[in-house]
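Notes follow once the structure below has been shown.
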Amino acid sequence: MAVPCLTVLTLLLVSVAAAFASGPADVVLHNGKIYTADQSRSVRQAIAFTGNTIVAVGTDAEVAPLIGPRTVVIDLMGKLVLPGLIDNHIHPIIGAVNGSKCSLARIEATVEAIRPVIQACIQKQPGGPNDWIDVVQLDNYGFSATAADLDAIEAGRPLALEGNDGHTAWINSRGLAIVGATAATPDPPGGKITRDASGAPTGAFSDTATFLVEEKIPAPSLKDQAALTAAVLRGMSAYGITTLMDASVRPAEAAVWRKIYEDGNRLMRVRTAIYVRDPDDDSDAAVATLVAASKAGDIDPDFLRAGIVKVLADGVMEAPTQTAALLEPYFDAEGRPTDKLGDLNFDPKRFARLVTKLDAAGLAVHIHAIGDRAVRASLDAVAAARKANGNAGPRHQIAHLQLVDPADFPRFAELGVIADMQLEWAKREAATEGPIEPYLGADRYRYLYPAGSLHAAGAVIAGGSDWDVSTYDPFRAMETAVTRVGENSSRPPLNIEERIPLTTAIDAYTINAAIALGQEGTIGSLEVGKRRSCRPRP
(Lines give C-alpha, C1' and ligand atoms only; values in the text may rest on other atoms or scores of the structure.)
Protein backbone atom coordinates (compact mmCIF):
# COMPACT_ATOMS: atom_id res chain seq x y z
CA MET A 1 0.00 0.00 0.00
CA ALA A 2 2.95 2.36 0.57
CA VAL A 3 3.81 2.81 -3.11
CA PRO A 4 0.29 3.81 -4.28
CA CYS A 5 -0.02 6.21 -1.30
CA LEU A 6 3.35 7.75 -2.15
CA THR A 7 2.31 8.07 -5.79
CA VAL A 8 -0.91 9.86 -4.87
CA LEU A 9 0.96 12.22 -2.52
CA THR A 10 3.56 12.98 -5.20
CA LEU A 11 0.90 13.74 -7.80
CA LEU A 12 -0.92 15.98 -5.32
CA LEU A 13 2.22 17.94 -4.49
CA VAL A 14 3.07 18.30 -8.18
CA SER A 15 -0.45 19.56 -8.96
CA VAL A 16 -0.36 22.06 -6.08
CA ALA A 17 3.06 23.26 -7.20
CA ALA A 18 1.80 23.72 -10.74
CA ALA A 19 -1.23 25.64 -9.49
CA PHE A 20 0.93 27.85 -7.27
CA ALA A 21 3.19 28.60 -10.22
CA SER A 22 0.19 29.96 -12.12
CA GLY A 23 -0.76 32.27 -9.27
CA PRO A 24 -3.18 32.30 -6.35
CA ALA A 25 -6.52 30.56 -6.68
CA ASP A 26 -9.75 32.48 -7.11
CA VAL A 27 -11.58 30.49 -4.42
CA VAL A 28 -10.44 28.18 -1.61
CA LEU A 29 -12.71 26.09 0.58
CA HIS A 30 -11.01 24.71 3.69
CA ASN A 31 -11.66 23.08 7.05
CA GLY A 32 -14.23 20.74 5.55
CA LYS A 33 -14.97 17.22 4.46
CA ILE A 34 -14.47 17.10 0.69
CA TYR A 35 -15.90 13.86 -0.69
CA THR A 36 -13.90 13.67 -3.89
CA ALA A 37 -15.53 10.61 -5.52
CA ASP A 38 -12.07 9.94 -6.95
CA GLN A 39 -10.86 6.41 -7.63
CA SER A 40 -10.07 5.77 -3.96
CA ARG A 41 -13.18 7.69 -2.76
CA SER A 42 -10.95 9.85 -0.60
CA VAL A 43 -12.14 12.60 1.75
CA ARG A 44 -10.01 15.78 1.84
CA GLN A 45 -10.01 19.00 3.85
CA ALA A 46 -9.64 21.70 1.24
CA ILE A 47 -10.17 22.48 -2.43
CA ALA A 48 -9.11 25.38 -4.65
CA PHE A 49 -10.56 26.76 -7.91
CA THR A 50 -9.35 29.13 -10.56
CA GLY A 51 -12.06 30.14 -12.98
CA ASN A 52 -14.27 27.07 -13.22
CA THR A 53 -11.40 24.61 -12.92
CA ILE A 54 -10.25 22.72 -9.82
CA VAL A 55 -6.57 23.44 -9.26
CA ALA A 56 -5.90 21.63 -5.96
CA VAL A 57 -7.49 19.18 -3.54
CA GLY A 58 -5.78 18.16 -0.30
CA THR A 59 -5.22 19.08 3.32
CA ASP A 60 -5.61 22.64 4.56
CA ALA A 61 -1.83 22.93 4.72
CA GLU A 62 -1.34 21.66 1.18
CA VAL A 63 -3.86 24.08 -0.32
CA ALA A 64 -2.95 27.11 1.83
CA PRO A 65 -0.11 28.29 -0.50
CA LEU A 66 -2.77 29.04 -3.14
CA ILE A 67 -4.44 31.68 -0.97
CA GLY A 68 -3.54 35.17 -2.19
CA PRO A 69 -4.75 38.67 -1.28
CA ARG A 70 -7.74 38.42 -3.65
CA THR A 71 -8.62 34.78 -3.04
CA VAL A 72 -12.12 34.21 -1.67
CA VAL A 73 -11.60 31.94 1.33
CA ILE A 74 -14.56 30.03 2.78
CA ASP A 75 -14.33 28.23 6.10
CA LEU A 76 -16.53 25.15 5.79
CA MET A 77 -16.53 24.61 9.57
CA GLY A 78 -16.46 20.85 9.05
CA LYS A 79 -19.30 20.73 6.56
CA LEU A 80 -19.49 18.25 3.68
CA VAL A 81 -18.79 19.16 0.06
CA LEU A 82 -19.95 16.87 -2.75
CA PRO A 83 -19.23 16.94 -6.48
CA GLY A 84 -21.89 18.66 -8.58
CA LEU A 85 -24.89 16.33 -8.81
CA ILE A 86 -26.06 14.78 -12.07
CA ASP A 87 -29.61 13.68 -12.92
CA ASN A 88 -29.12 10.97 -15.52
CA HIS A 89 -32.81 10.54 -16.44
CA ILE A 90 -35.21 13.48 -16.32
CA HIS A 91 -37.80 15.23 -18.51
CA PRO A 92 -37.28 18.95 -17.79
CA ILE A 93 -39.23 20.41 -20.71
CA ILE A 94 -42.25 18.11 -20.33
CA GLY A 95 -42.23 18.69 -16.57
CA ALA A 96 -41.91 22.45 -16.93
CA VAL A 97 -44.83 22.64 -19.34
CA ASN A 98 -46.92 20.32 -17.16
CA GLY A 99 -46.30 22.65 -14.24
CA SER A 100 -48.33 25.32 -16.04
CA LYS A 101 -51.36 23.03 -16.57
CA CYS A 102 -54.34 21.98 -14.49
CA SER A 103 -52.98 19.50 -11.93
CA LEU A 104 -54.56 16.58 -10.09
CA ALA A 105 -51.56 15.99 -7.84
CA ARG A 106 -52.61 14.58 -4.45
CA ILE A 107 -56.25 14.32 -5.56
CA GLU A 108 -58.00 10.97 -5.09
CA ALA A 109 -58.08 9.21 -8.46
CA THR A 110 -61.81 8.79 -8.93
CA VAL A 111 -64.08 10.50 -11.41
CA GLU A 112 -66.11 11.95 -8.55
CA ALA A 113 -63.05 13.42 -6.78
CA ILE A 114 -61.42 14.93 -9.84
CA ARG A 115 -64.62 16.46 -11.28
CA PRO A 116 -64.68 19.66 -9.16
CA VAL A 117 -60.95 20.24 -9.62
CA ILE A 118 -61.21 20.00 -13.40
CA GLN A 119 -64.34 22.11 -13.55
CA ALA A 120 -62.59 24.81 -11.51
CA CYS A 121 -59.74 24.76 -14.05
CA ILE A 122 -62.25 25.06 -16.90
CA GLN A 123 -63.70 28.18 -15.29
CA LYS A 124 -60.22 29.72 -15.36
CA GLN A 125 -59.54 28.58 -18.96
CA PRO A 126 -62.64 29.39 -21.04
CA GLY A 127 -62.64 28.22 -24.64
CA GLY A 128 -64.52 26.81 -27.58
CA PRO A 129 -65.25 23.29 -28.85
CA ASN A 130 -61.71 22.82 -30.19
CA ASP A 131 -59.82 24.18 -27.17
CA TRP A 132 -58.31 21.38 -25.11
CA ILE A 133 -58.46 21.13 -21.34
CA ASP A 134 -55.22 19.30 -20.58
CA VAL A 135 -55.08 17.93 -17.04
CA VAL A 136 -51.89 16.36 -15.65
CA GLN A 137 -50.54 14.44 -12.65
CA LEU A 138 -53.49 12.07 -12.31
CA ASP A 139 -52.56 9.39 -9.77
CA ASN A 140 -53.48 6.78 -12.34
CA TYR A 141 -52.60 3.56 -10.49
CA GLY A 142 -55.85 1.63 -10.44
CA PHE A 143 -57.72 4.44 -12.22
CA SER A 144 -60.16 3.48 -14.96
CA ALA A 145 -62.52 5.65 -17.00
CA THR A 146 -64.21 5.79 -20.39
CA ALA A 147 -64.85 8.71 -22.67
CA ALA A 148 -68.45 8.67 -21.44
CA ASP A 149 -67.24 9.00 -17.84
CA LEU A 150 -65.23 12.07 -18.76
CA ASP A 151 -68.16 13.51 -20.72
CA ALA A 152 -69.90 13.78 -17.36
CA ILE A 153 -67.15 16.23 -16.36
CA GLU A 154 -66.96 18.11 -19.68
CA ALA A 155 -68.68 17.22 -22.95
CA GLY A 156 -68.41 20.38 -25.05
CA ARG A 157 -64.64 20.74 -25.16
CA PRO A 158 -61.89 18.12 -25.63
CA LEU A 159 -60.65 16.92 -22.24
CA ALA A 160 -57.44 14.94 -21.66
CA LEU A 161 -56.22 13.41 -18.41
CA GLU A 162 -52.53 12.50 -18.26
CA GLY A 163 -51.35 9.91 -15.74
CA ASN A 164 -48.43 10.79 -13.50
CA ASP A 165 -46.56 7.72 -14.77
CA GLY A 166 -46.06 9.46 -18.13
CA HIS A 167 -47.47 6.44 -19.96
CA THR A 168 -51.26 6.76 -19.74
CA ALA A 169 -53.96 9.15 -20.92
CA TRP A 170 -57.75 9.33 -21.05
CA ILE A 171 -59.87 11.58 -23.27
CA ASN A 172 -63.57 12.37 -23.57
CA SER A 173 -65.79 11.89 -26.64
CA ARG A 174 -64.96 15.31 -28.06
CA GLY A 175 -61.28 14.46 -27.66
CA LEU A 176 -61.77 11.15 -29.47
CA ALA A 177 -63.39 12.99 -32.35
CA ILE A 178 -60.47 15.41 -32.67
CA VAL A 179 -57.85 12.66 -32.35
CA GLY A 180 -59.77 10.70 -34.99
CA ALA A 181 -59.26 7.35 -33.26
CA THR A 182 -61.67 4.70 -34.50
CA ALA A 183 -61.94 0.93 -34.58
CA ALA A 184 -59.82 1.07 -37.75
CA THR A 185 -56.98 2.99 -36.07
CA PRO A 186 -54.08 0.60 -35.47
CA ASP A 187 -52.12 0.53 -32.25
CA PRO A 188 -48.84 2.37 -32.84
CA PRO A 189 -45.54 0.53 -32.22
CA GLY A 190 -45.08 0.34 -28.48
CA GLY A 191 -48.55 1.61 -27.64
CA LYS A 192 -52.07 0.45 -26.98
CA ILE A 193 -55.52 1.93 -27.56
CA THR A 194 -58.05 0.43 -25.14
CA ARG A 195 -61.09 -0.82 -27.04
CA ASP A 196 -64.57 -2.16 -26.32
CA ALA A 197 -65.93 -5.47 -27.59
CA SER A 198 -66.56 -3.98 -31.04
CA GLY A 199 -62.99 -2.65 -31.31
CA ALA A 200 -63.98 0.99 -30.85
CA PRO A 201 -61.66 3.10 -28.64
CA THR A 202 -62.99 3.64 -25.13
CA GLY A 203 -60.94 6.77 -24.51
CA ALA A 204 -57.91 5.22 -22.75
CA PHE A 205 -54.42 5.25 -24.31
CA SER A 206 -51.15 3.81 -23.00
CA ASP A 207 -47.46 4.13 -23.78
CA THR A 208 -46.71 5.49 -27.28
CA ALA A 209 -50.44 5.61 -28.10
CA THR A 210 -50.57 8.66 -25.83
CA PHE A 211 -48.65 10.51 -28.56
CA LEU A 212 -51.83 10.36 -30.69
CA VAL A 213 -53.43 12.58 -28.07
CA GLU A 214 -50.40 14.71 -27.29
CA GLU A 215 -49.88 15.63 -30.93
CA LYS A 216 -53.37 17.16 -31.09
CA ILE A 217 -52.92 19.40 -28.05
CA PRO A 218 -51.26 22.72 -28.96
CA ALA A 219 -47.99 23.24 -27.14
CA PRO A 220 -46.93 26.59 -25.68
CA SER A 221 -44.76 28.73 -27.90
CA LEU A 222 -41.08 27.94 -28.19
CA LYS A 223 -40.32 31.09 -26.21
CA ASP A 224 -42.67 30.11 -23.41
CA GLN A 225 -41.37 26.53 -23.25
CA ALA A 226 -37.81 27.82 -23.02
CA ALA A 227 -38.73 30.27 -20.25
CA LEU A 228 -40.62 27.62 -18.25
CA THR A 229 -37.74 25.15 -18.60
CA ALA A 230 -35.12 27.73 -17.63
CA ALA A 231 -37.09 28.37 -14.43
CA VAL A 232 -37.03 24.63 -13.67
CA LEU A 233 -33.28 24.52 -14.24
CA ARG A 234 -32.82 27.27 -11.66
CA GLY A 235 -34.87 25.23 -9.21
CA MET A 236 -32.75 22.15 -9.90
CA SER A 237 -29.58 24.16 -9.31
CA ALA A 238 -30.77 24.89 -5.77
CA TYR A 239 -30.49 21.14 -5.07
CA GLY A 240 -26.89 21.01 -6.29
CA ILE A 241 -27.73 19.59 -9.72
CA THR A 242 -25.29 20.82 -12.36
CA THR A 243 -25.82 18.32 -15.19
CA LEU A 244 -28.77 16.40 -16.60
CA MET A 245 -29.80 14.08 -19.37
CA ASP A 246 -33.16 14.80 -21.00
CA ALA A 247 -34.32 11.23 -21.41
CA SER A 248 -36.61 11.64 -24.43
CA VAL A 249 -35.92 14.32 -27.01
CA ARG A 250 -37.90 14.72 -30.19
CA PRO A 251 -37.50 17.65 -32.61
CA ALA A 252 -39.75 19.89 -30.48
CA GLU A 253 -37.64 19.36 -27.36
CA ALA A 254 -34.42 19.74 -29.34
CA ALA A 255 -35.64 23.17 -30.50
CA VAL A 256 -36.32 24.20 -26.91
CA TRP A 257 -32.83 23.22 -25.76
CA ARG A 258 -31.28 25.12 -28.65
CA LYS A 259 -33.40 28.17 -27.76
CA ILE A 260 -32.32 28.01 -24.11
CA TYR A 261 -28.69 27.76 -25.18
CA GLU A 262 -28.94 30.61 -27.69
CA ASP A 263 -30.64 32.78 -25.07
CA GLY A 264 -27.56 32.36 -22.88
CA ASN A 265 -29.36 30.46 -20.10
CA ARG A 266 -26.50 28.03 -19.60
CA LEU A 267 -27.53 27.04 -16.12
CA MET A 268 -26.94 23.34 -16.59
CA ARG A 269 -24.87 20.94 -18.66
CA VAL A 270 -27.37 19.06 -20.81
CA ARG A 271 -27.19 15.78 -22.69
CA THR A 272 -30.10 14.91 -24.96
CA ALA A 273 -31.29 11.37 -25.69
CA ILE A 274 -32.86 11.31 -29.17
CA TYR A 275 -36.15 9.40 -29.11
CA VAL A 276 -36.32 6.30 -31.34
CA ARG A 277 -39.89 6.07 -32.58
CA ASP A 278 -39.65 2.57 -34.07
CA PRO A 279 -37.05 0.28 -32.45
CA ASP A 280 -37.96 -2.42 -34.98
CA ASP A 281 -36.59 -0.30 -37.82
CA ASP A 282 -33.00 -1.49 -38.11
CA SER A 283 -32.45 -0.07 -41.58
CA ASP A 284 -29.36 1.90 -42.50
CA ALA A 285 -31.63 4.85 -43.29
CA ALA A 286 -33.10 4.82 -39.78
CA VAL A 287 -29.63 4.72 -38.23
CA ALA A 288 -28.43 7.55 -40.48
CA THR A 289 -31.42 9.66 -39.38
CA LEU A 290 -30.56 9.13 -35.71
CA VAL A 291 -26.88 9.90 -36.31
CA ALA A 292 -27.84 13.12 -38.11
CA ALA A 293 -30.18 14.13 -35.28
CA SER A 294 -27.43 13.48 -32.75
CA LYS A 295 -24.90 15.53 -34.70
CA ALA A 296 -27.41 18.38 -34.93
CA GLY A 297 -27.80 18.22 -31.15
CA ASP A 298 -24.06 18.49 -30.49
CA ILE A 299 -24.00 22.27 -29.95
CA ASP A 300 -21.35 22.81 -27.29
CA PRO A 301 -19.16 20.18 -25.59
CA ASP A 302 -19.48 22.00 -22.26
CA PHE A 303 -23.19 22.76 -22.25
CA LEU A 304 -25.31 20.99 -24.87
CA ARG A 305 -24.48 17.59 -26.33
CA ALA A 306 -26.31 14.60 -27.79
CA GLY A 307 -24.69 11.24 -28.63
CA ILE A 308 -27.41 9.15 -26.97
CA VAL A 309 -30.67 7.66 -28.23
CA LYS A 310 -33.71 6.64 -26.19
CA VAL A 311 -35.75 3.46 -26.68
CA LEU A 312 -38.90 2.28 -24.90
CA ALA A 313 -38.54 -1.49 -24.52
CA ASP A 314 -41.85 -1.85 -22.68
CA GLY A 315 -44.43 0.09 -20.70
CA VAL A 316 -45.39 0.13 -17.03
CA MET A 317 -46.05 -2.65 -14.52
CA GLU A 318 -48.85 -1.21 -12.40
CA ALA A 319 -52.38 -2.55 -12.76
CA PRO A 320 -54.54 -2.10 -14.69
CA THR A 321 -52.14 -1.04 -17.48
CA GLN A 322 -49.57 -3.86 -17.09
CA THR A 323 -47.67 -3.22 -20.32
CA ALA A 324 -44.26 -3.98 -18.77
CA ALA A 325 -42.87 -7.16 -20.38
CA LEU A 326 -42.42 -10.08 -17.96
CA LEU A 327 -40.71 -13.44 -18.35
CA GLU A 328 -43.58 -15.15 -16.51
CA PRO A 329 -47.22 -14.03 -16.61
CA TYR A 330 -48.79 -11.56 -14.25
CA PHE A 331 -51.04 -12.95 -11.52
CA ASP A 332 -54.57 -11.71 -11.08
CA ALA A 333 -55.61 -9.74 -7.99
CA GLU A 334 -56.11 -13.01 -6.07
CA GLY A 335 -52.64 -14.29 -6.94
CA ARG A 336 -53.70 -16.75 -9.62
CA PRO A 337 -51.60 -17.05 -12.83
CA THR A 338 -52.92 -15.43 -15.98
CA ASP A 339 -51.75 -15.53 -19.59
CA LYS A 340 -50.77 -11.84 -19.57
CA LEU A 341 -47.06 -11.19 -20.15
CA GLY A 342 -47.11 -7.48 -20.99
CA ASP A 343 -45.76 -6.01 -24.21
CA LEU A 344 -42.25 -6.01 -25.63
CA ASN A 345 -42.05 -3.06 -28.00
CA PHE A 346 -39.73 -4.62 -30.54
CA ASP A 347 -38.75 -7.83 -32.22
CA PRO A 348 -35.63 -8.89 -30.27
CA LYS A 349 -33.64 -9.86 -33.37
CA ARG A 350 -34.38 -6.60 -35.17
CA PHE A 351 -33.62 -4.59 -32.07
CA ALA A 352 -30.30 -6.39 -31.62
CA ARG A 353 -29.38 -5.43 -35.18
CA LEU A 354 -30.38 -1.82 -34.52
CA VAL A 355 -28.30 -1.60 -31.33
CA THR A 356 -25.35 -3.20 -33.13
CA LYS A 357 -25.51 -0.55 -35.86
CA LEU A 358 -25.95 2.30 -33.39
CA ASP A 359 -23.04 0.99 -31.33
CA ALA A 360 -20.85 0.90 -34.43
CA ALA A 361 -21.91 4.48 -35.22
CA GLY A 362 -20.82 5.62 -31.75
CA LEU A 363 -24.28 6.28 -30.33
CA ALA A 364 -25.06 5.11 -26.80
CA VAL A 365 -28.49 3.53 -26.32
CA HIS A 366 -30.56 4.43 -23.26
CA ILE A 367 -33.34 1.86 -22.86
CA HIS A 368 -36.49 2.17 -20.74
CA ALA A 369 -37.03 -1.37 -19.42
CA ILE A 370 -39.39 -2.02 -16.51
CA GLY A 371 -40.10 -5.76 -16.70
CA ASP A 372 -37.58 -8.60 -16.50
CA ARG A 373 -38.30 -9.73 -20.09
CA ALA A 374 -37.63 -6.23 -21.40
CA VAL A 375 -34.41 -6.08 -19.37
CA ARG A 376 -33.23 -9.42 -20.74
CA ALA A 377 -34.02 -8.48 -24.34
CA SER A 378 -32.14 -5.21 -23.86
CA LEU A 379 -29.10 -6.98 -22.45
CA ASP A 380 -29.24 -9.48 -25.31
CA ALA A 381 -29.18 -6.62 -27.80
CA VAL A 382 -26.11 -5.09 -26.16
CA ALA A 383 -24.47 -8.53 -26.07
CA ALA A 384 -24.99 -8.81 -29.83
CA ALA A 385 -23.40 -5.38 -30.31
CA ARG A 386 -20.41 -6.27 -28.13
CA LYS A 387 -19.92 -9.54 -30.01
CA ALA A 388 -20.00 -7.75 -33.37
CA ASN A 389 -18.11 -4.58 -32.50
CA GLY A 390 -16.00 -5.37 -29.44
CA ASN A 391 -16.19 -3.96 -25.95
CA ALA A 392 -14.80 -0.49 -26.62
CA GLY A 393 -18.06 1.00 -27.85
CA PRO A 394 -20.42 3.47 -26.19
CA ARG A 395 -21.72 3.02 -22.65
CA HIS A 396 -25.23 1.74 -23.09
CA GLN A 397 -27.73 2.14 -20.28
CA ILE A 398 -30.91 0.43 -19.11
CA ALA A 399 -33.23 2.65 -17.10
CA HIS A 400 -35.77 1.97 -14.34
CA LEU A 401 -35.09 -1.76 -13.83
CA GLN A 402 -38.15 -2.31 -11.69
CA LEU A 403 -37.79 -6.07 -12.05
CA VAL A 404 -34.63 -7.94 -13.11
CA ASP A 405 -34.27 -11.70 -13.19
CA PRO A 406 -31.40 -12.74 -10.86
CA ALA A 407 -29.72 -14.58 -13.73
CA ASP A 408 -29.20 -11.21 -15.40
CA PHE A 409 -27.60 -9.38 -12.47
CA PRO A 410 -23.98 -10.20 -13.49
CA ARG A 411 -24.59 -9.36 -17.14
CA PHE A 412 -24.54 -5.61 -16.46
CA ALA A 413 -20.89 -5.72 -15.39
CA GLU A 414 -19.99 -8.28 -18.03
CA LEU A 415 -21.43 -6.15 -20.84
CA GLY A 416 -20.51 -2.75 -19.41
CA VAL A 417 -24.17 -1.71 -19.22
CA ILE A 418 -25.00 1.12 -16.82
CA ALA A 419 -27.91 0.45 -14.45
CA ASP A 420 -29.80 3.75 -14.46
CA MET A 421 -32.17 3.62 -11.48
CA GLN A 422 -34.85 5.90 -10.05
CA LEU A 423 -34.38 4.85 -6.44
CA GLU A 424 -36.79 7.38 -4.93
CA TRP A 425 -39.36 4.79 -6.10
CA ALA A 426 -37.76 1.95 -4.11
CA LYS A 427 -40.11 2.13 -1.16
CA ARG A 428 -43.41 0.75 0.03
CA GLU A 429 -46.18 3.11 -1.05
CA ALA A 430 -49.51 2.98 -2.83
CA ALA A 431 -47.79 2.63 -6.21
CA THR A 432 -45.68 -0.40 -5.21
CA GLU A 433 -48.24 -2.24 -3.10
CA GLY A 434 -51.80 -2.46 -4.45
CA PRO A 435 -51.08 -2.16 -8.19
CA ILE A 436 -47.99 -4.44 -8.14
CA GLU A 437 -47.50 -6.75 -5.16
CA PRO A 438 -50.41 -9.18 -5.69
CA TYR A 439 -49.79 -9.28 -9.44
CA LEU A 440 -46.15 -10.38 -9.08
CA GLY A 441 -46.28 -12.67 -6.05
CA ALA A 442 -43.72 -12.85 -3.25
CA ASP A 443 -40.89 -14.49 -5.21
CA ARG A 444 -40.74 -11.73 -7.80
CA TYR A 445 -41.79 -8.87 -5.53
CA ARG A 446 -38.73 -9.58 -3.38
CA TYR A 447 -36.59 -8.28 -6.27
CA LEU A 448 -38.51 -5.06 -6.91
CA TYR A 449 -35.90 -2.35 -7.68
CA PRO A 450 -32.94 -4.69 -7.06
CA ALA A 451 -30.25 -2.06 -6.55
CA GLY A 452 -28.44 -4.04 -3.86
CA SER A 453 -28.24 -7.18 -5.98
CA LEU A 454 -27.01 -5.25 -9.00
CA HIS A 455 -24.40 -3.44 -6.90
CA ALA A 456 -23.20 -6.74 -5.40
CA ALA A 457 -22.88 -8.15 -8.93
CA GLY A 458 -20.60 -5.28 -9.95
CA ALA A 459 -23.02 -3.11 -11.90
CA VAL A 460 -22.35 0.62 -12.15
CA ILE A 461 -25.48 2.31 -10.78
CA ALA A 462 -26.34 5.81 -12.02
CA GLY A 463 -29.13 7.91 -10.56
CA GLY A 464 -32.01 9.74 -12.16
CA SER A 465 -35.34 11.14 -11.03
CA ASP A 466 -37.62 10.73 -14.07
CA TRP A 467 -39.16 14.05 -13.01
CA ASP A 468 -41.93 15.04 -13.30
CA VAL A 469 -43.01 11.48 -12.46
CA SER A 470 -41.36 12.04 -9.06
CA THR A 471 -39.37 14.75 -7.31
CA TYR A 472 -36.00 15.77 -8.73
CA ASP A 473 -34.61 16.18 -5.19
CA PRO A 474 -31.55 13.87 -5.39
CA PHE A 475 -31.20 13.67 -1.62
CA ARG A 476 -34.65 12.08 -1.35
CA ALA A 477 -33.52 9.43 -3.83
CA MET A 478 -30.25 8.84 -1.96
CA GLU A 479 -32.09 8.47 1.34
CA THR A 480 -34.56 5.96 -0.10
CA ALA A 481 -31.75 4.03 -1.81
CA VAL A 482 -30.10 3.55 1.59
CA THR A 483 -33.17 3.04 3.79
CA ARG A 484 -35.76 1.65 1.31
CA VAL A 485 -38.31 3.72 3.25
CA GLY A 486 -40.19 6.74 1.93
CA GLU A 487 -39.93 10.16 3.52
CA ASN A 488 -42.09 10.42 6.66
CA SER A 489 -43.48 6.94 6.00
CA SER A 490 -44.70 4.52 8.64
CA ARG A 491 -44.53 1.62 6.19
CA PRO A 492 -41.75 -0.98 6.60
CA PRO A 493 -38.81 -0.97 4.18
CA LEU A 494 -39.24 -2.35 0.68
CA ASN A 495 -36.91 -5.33 0.29
CA ILE A 496 -34.26 -4.08 2.73
CA GLU A 497 -31.78 -6.54 1.20
CA GLU A 498 -31.76 -4.32 -1.88
CA ARG A 499 -30.46 -1.20 -0.12
CA ILE A 500 -27.10 0.19 -1.21
CA PRO A 501 -24.34 1.89 0.82
CA LEU A 502 -24.51 5.66 1.20
CA THR A 503 -21.32 6.19 -0.79
CA THR A 504 -22.80 4.15 -3.65
CA ALA A 505 -25.94 6.29 -3.56
CA ILE A 506 -23.82 9.45 -3.74
CA ASP A 507 -21.68 7.97 -6.51
CA ALA A 508 -24.88 7.24 -8.47
CA TYR A 509 -25.51 10.99 -8.71
CA THR A 510 -21.88 11.99 -9.22
CA ILE A 511 -19.07 9.93 -10.73
CA ASN A 512 -21.24 7.04 -11.93
CA ALA A 513 -23.66 9.37 -13.67
CA ALA A 514 -20.70 11.13 -15.28
CA ILE A 515 -19.43 7.75 -16.49
CA ALA A 516 -22.87 6.99 -17.92
CA LEU A 517 -22.76 10.23 -19.88
CA GLY A 518 -19.15 9.72 -20.96
CA GLN A 519 -18.14 12.95 -19.20
CA GLU A 520 -16.08 11.64 -16.30
CA GLY A 521 -13.05 13.49 -17.67
CA THR A 522 -14.56 16.85 -16.73
CA ILE A 523 -17.29 16.29 -14.10
CA GLY A 524 -18.48 13.78 -11.51
CA SER A 525 -15.62 14.04 -9.01
CA LEU A 526 -13.57 16.70 -7.26
CA GLU A 527 -10.14 16.24 -8.80
CA VAL A 528 -7.54 18.56 -10.24
CA GLY A 529 -8.42 19.63 -13.76
CA LYS A 530 -12.14 19.00 -13.49
CA ARG A 531 -14.84 21.66 -13.65
CA ARG A 532 -16.25 23.27 -10.54
CA SER A 533 -19.60 24.32 -12.02
CA CYS A 534 -21.49 24.60 -15.27
CA ARG A 535 -20.88 28.33 -15.54
CA PRO A 536 -18.07 29.52 -17.84
CA ARG A 537 -15.26 31.62 -16.46
CA PRO A 538 -16.11 35.36 -16.75
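What you see is a predicted model, and the numbers here were worked out from it, not measured in a lab.
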Between [X] and [Y], is there a side-chain N and carboxylate O pair less than 4.0 Å apart?
| X | Y | answer |
| --- | --- | --- |
| Arg376 | Asp372 | no |
| Asp284 | Lys357 | yes |
| Arg428 | Glu433 | yes |
| Lys192 | Asp207 | no |
| Glu214 | Arg250 | yes |
| Lys427 | Glu479 | no |

- Task: Mind running ring-ring contact (aromatic ring centres under 6.0 Å, His included) on His366 and His368 for me, showing each step along the way?
- Result: CA-CA 7 Å; His366 184 93; His368 161 119; 9.4 Å; no
Interatomic distance, [X] atom [atom1] to [Y] atom [atom2] [nearest 0.5 angstrom]:
| X | Y | atom1 | atom2 | result |
| --- | --- | --- | --- | --- |
| Leu401 | Trp425 | CG | CH2 | 10.5 Å |
| Leu526 | Arg531 | CG | CZ | 14.5 Å |
| Lys530 | Ser525 | NZ | OG | 2.5 Å |
| Glu429 | Ile436 | CD | CD1 | 9.0 Å |
| Ile367 | Leu379 | CD1 | CG | 8.0 Å |
| Asp139 | Ile107 | CG | CD1 | 10.5 Å |

- Task: Tell me, please, which residues at least two apart from Tyr472 pass ring pair (Phe, Tyr, Trp, His ring centres under 6.0 Å).
- Result: Tyr239, Trp467
- Applying ring pair (Phe, Tyr, Trp, His ring centres under 6.0 Å) to Tyr275 and not counting sequence neighbours gives Phe211
Over 12 non-hydrogen atoms of neighbours within 6.0 angstrom of [atom1] in [X]:
| X | atom1 | value |
| --- | --- | --- |
| Arg499 | CZ | no |
| Lys101 | NZ | yes |
| Arg195 | CZ | yes |

Less than 4.5 Å apart, any side-chain heavy atom of [X] and any of [Y]?
| X | Y | answer |
| --- | --- | --- |
| Thr510 | Ile86 | no |
| Asp466 | His91 | yes |
| His396 | Asp359 | yes |
| Thr242 | Arg269 | yes |
| Gln137 | Asp468 | yes |
| Leu448 | Leu494 | yes |

- Distance-minimising heavy-atom pair for Asp314 and Thr323: CB-O, 3.8 Å
Do [X] and [Y] pair up side chain to side chain, a donor and an acceptor below 3.5 Å, judged on atom types alone?
| X | Y | answer |
| --- | --- | --- |
| Gln422 | His89 | no |
| Thr471 | Asp473 | no |
| Thr202 | Asp196 | no |
| Asp420 | Asn88 | yes |
| Asp246 | Thr272 | no |
| Asp87 | Ser465 | yes |
| Arg234 | Asn265 | no |
| Tyr449 | Asn495 | no |

- Side-chain (Glu437) to main-chain (Gly434) donor-acceptor, under 3.5 angstrom: no
- Query: Which residue, Leu161, Thr110, Thr321, Thr168, forms the side chain to side chain contact (heavy atoms under 4.5 Å, CB included) with Phe143?
  - Reply: Leu161
Name every donor-acceptor pair, under 3.5 Å, that has one atom in a side chain of residues 218-229 and the other anywhere in the protein, sequence neighbours excluded.
from: Ser221; atom 1: OG; to: Asp224; atom 2: N; distance (Å): 3.1
from: Ser221; atom 1: OG; to: Asp224; atom 2: OD2; distance (Å): 3.3
from: Gln225; atom 1: NE2; to: Pro220; atom 2: O; distance (Å): 3.0
from: Thr229; atom 1: OG1; to: Gln225; atom 2: O; distance (Å): 2.8

- Query: Met478 and Tyr509: side-chain contact (heavy atoms from CB on, under 4.5 Å), yes or no, with the steps?
  - Reply: CA-CA 9 Å; Met478 292 179 202; Tyr509 275 89; 3.8 Å; yes
